[in-house]
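Ligands are counted one by one from 1 in listed order, and the atoms in each one are counted from 1 as well.
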Amino acid sequence: MTSSEILKKAQKEKYAVGQFNISTDEQLKAIIQAADELKSPVIIGTSEGERGFIGTEQAAVLTKIWQQKTKLPIILNADHCKTIESAKEAIDAGYTAIHFDGSTLPIEENIKKTKEIIRYAKSQNPNILIEGELGYLRGSSEIHKEKTEIKKEDFTTPEEAEEFIQKTKADSLAIVIGNIHGIDLKNPNPSLDIKRIKQIKKAIKDTFLVLHGGSGVSKKDIKEAIKQGIVKININTELRIAYSQKLRESMTSRPDQVKPYKILTPAVEAVKEVVKEKIRLFGSENKA
Ligand code: 13P
């Protein structure tokens, strides 16, 4: 299945496909194994920092091997590419989806750069999926001790979404509707503006709507967001927390253990559990 076919099926059957971010090979293994056990399509994401660690080509090759082995519908997405060069690097390495994040640029420049990436990407691989972004998404994928402000003026508007999609012809759009990256200890479950999702969906009905900052969002809001048209949900912080907590525990409970595959196994299991919980919540179980 192509990346677009994977999300079209989700759109038609009203569920969302999870994007789970990785920077190491064992995180990839945990996510794919969870998806395989639940027979779910899955999206692997790497930010520029994460891909700097695992390697862009390495992430592409490893994901391809898992896809061949499991036969699951798997998308590999270059999350938050900030420059054309960064997007090109992922396209050339064989990523099957690119997220260009020009949301901090003036909209005309965002449109111009997104179009340029689409032109190059589709000339290399007509089936590649391109996600644009509009609105100001605050935070980063970690635990925030200080309150992250959520401002209505940062939200994506239906008018801008319509203009952006008309001009760029991007396949997907990441929208800002009360979501933030990371988990805010002072506001751990930010609420989403469901009405705004509905308005955006109405303005760009065929575009795949993407929710970033899925960590911490309540189950109720996730379900409602999917009902209103969100088909891709990005999760990173909850995976990072599960991984690092278990790794810390594993290191302290057996200080004499030196075998990496034994030290890492509890962390892999913890990541798997979070991924399974999200797959069930997103409704993508048995949709592979
Ligand atoms: P969280 O870290 O809040 O889950 O967000 C992940 C994300 O949106 C990656 O693009």
**Prompt:** What atoms of ligand 1 come within less than 4.0 Å of a heavy atom belonging to His181?
**Reply:** 3 (O), 5 (O), 6 (C), 7 (C), 8 (O), 9 (C), 10 (O)
**Message:** Please determine whether a side-chain nitrogen of the Lys or Arg among Glu285 and Lys39 lies less than 4.0 Å from a carboxylate oxygen of the Asp or Glu.
**Reply:** no
**Message:** If we set the cut-off at 4.0 Å for heavy atoms, which region of Arg240 has an atom near ligand 1: side chain, backbone, both, or neither?
**Reply:** neither
**Request:** Identify the protein heavy atom lying closest to atom 9 (C) of ligand 1, giving its residue, its atom name and the separation to 0.1 Å.
**Result:** Asp79 OD2, 3.1 Å
**Message:** Would you say Glu133 and Asn110 are linked by a side-chain donor-acceptor pair, where the criterion is simply a distance under 3.5 Å?
**Reply:** no
**Prompt:** Is any N or O atom of Ser215, backbone or side chain, closer than 3.5 Å to an N or O atom of ligand 1?
**Reply:** yes
**Request:** Of the side chain and backbone of Asn234, name the one, both, or neither that has a heavy atom under 4.0 Å from an atom of ligand 1.
**Result:** both
**Working for salt bridge (Lys or Arg N to Asp or Glu O under 4.0 Å), residues Glu249 and Arg254** = CA-CA 9 Å; Glu249 268 174 46; Arg254 286 283 315 271; over 6 Å; no
**Prompt:** Taking 4.0 angstrom as the limit, do Glu85 and Lys88 come out as a salt bridge?
**Reply:** no
**Prompt:** Between Lys232 and Asp171, is there a side-chain N and carboxylate O pair less than 4.0 Å apart?
**Reply:** no
**Prompt:** Hey, are Asp184 and Lys147 close enough for a salt bridge, meaning a charged N less than 4.0 Å from a carboxylate O?
**Reply:** no
**Complete:** Looking only at protein heavy atoms, what sits closest to atom 8 (O) of ligand 1 is Gly213 N, 2.8 Å
**Request:** Note the single closest protein heavy atom to atom 3 (O) of ligand 1, along with its residue, its atom name and the distance in Å.
**Result:** Gly182 N, 2.8 Å
**Prompt:** Between Asn21 and ligand 1, does any nitrogen or oxygen pair lie at a separation below 3.5 Å?
**Reply:** no
